[in-house]
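These notes are about the structure you will find just below.
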Amino acid sequence: MAEHYKIDCYKVEDRKTLTVILAMNGYTVRMGKEKRGGKSTLTYFVEYWRADNEG
């Protein structure tokens, strides 16, 4: 299974730009949000990985 990486990014425009750049370079990408460390605030991020069958 491919290792997944996350880049924290608050602005939606920045997340969209990161998604396009990573996808154009062969990565599988998704945008998401999560609560971390029991805090009530949300952390927005771009998660990316390279598929197992790709080099």
Side-chain angles (χ1 to χ4, degrees):
M1 184 172 147
E3 189 168 351
H4 291 217
Y5 302 95
K6 290 183 181 177
I7 300 172
D8 292 349
C9 190
Y10 179 73
K11 292 183 178 180
V12 69
E13 295 86 10
D14 293 342
R15 290 194 302 274
K16 288 178 181 179
T17 301
L18 276 171
T19 299
V20 169
I21 291 169
L22 290 166
M24 290 185 72
N25 282 283
Y27 290 91
T28 303
V29 185
R30 78 175 190 99
M31 292 191 287
K33 61 185 175 183
E34 65 186 2
K35 291 183 181 179
R36 292 187 186 162
K39 297 180 181 178
S40 61
T41 59
L42 292 172
T43 301
Y44 293 88
F45 61 87
V46 174
E47 183 176 14
Y48 65 97
W49 63 95
R50 209 175 267 281
D52 288 336
N53 60 353
E54 295 180 21

Within this structure, what is the CD1-CE distance for the pair Ile7 and Met31, rounded to the nearest 0.5 Å?
12.5 Å
Do Val29 and Leu18 share a hydrophobic cluster (ILVMFWY, side-chain heavy atoms under 4.5 Å, transitive)?
yes
Test of understanding: with ring pair (Phe, Tyr, Trp, His ring centres under 6.0 Å), list the residues that count as partners of Tyr48, not counting sequence neighbours.
Tyr5, Tyr27
For Val12, the other hydrophobic cluster members (4.5 Å side-chain criterion, sorted by chain and number) are none
So the salt bridge (charged side-chain N to carboxylate O under 4.0 Å, His left out) pairs with at least one residue in residues 21-42 (sequence neighbours excluded) are Lys6-Glu34, Asp8-Arg36, Arg30-Glu47, Glu34-Arg36
Asn25: which residues meet the side chain to side chain donor-acceptor pair (under 3.5 Å) condition with it, sequence neighbours left out?
none
Members sharing Ile21's hydrophobic cluster (side chains within less than 4.5 Å)
none
Connecting only ILVMFWY residues whose side-chain heavy atoms lie within less than 4.5 Å of each other, what is the rest of Leu42's hydrophobic cluster?
Tyr10, Tyr44
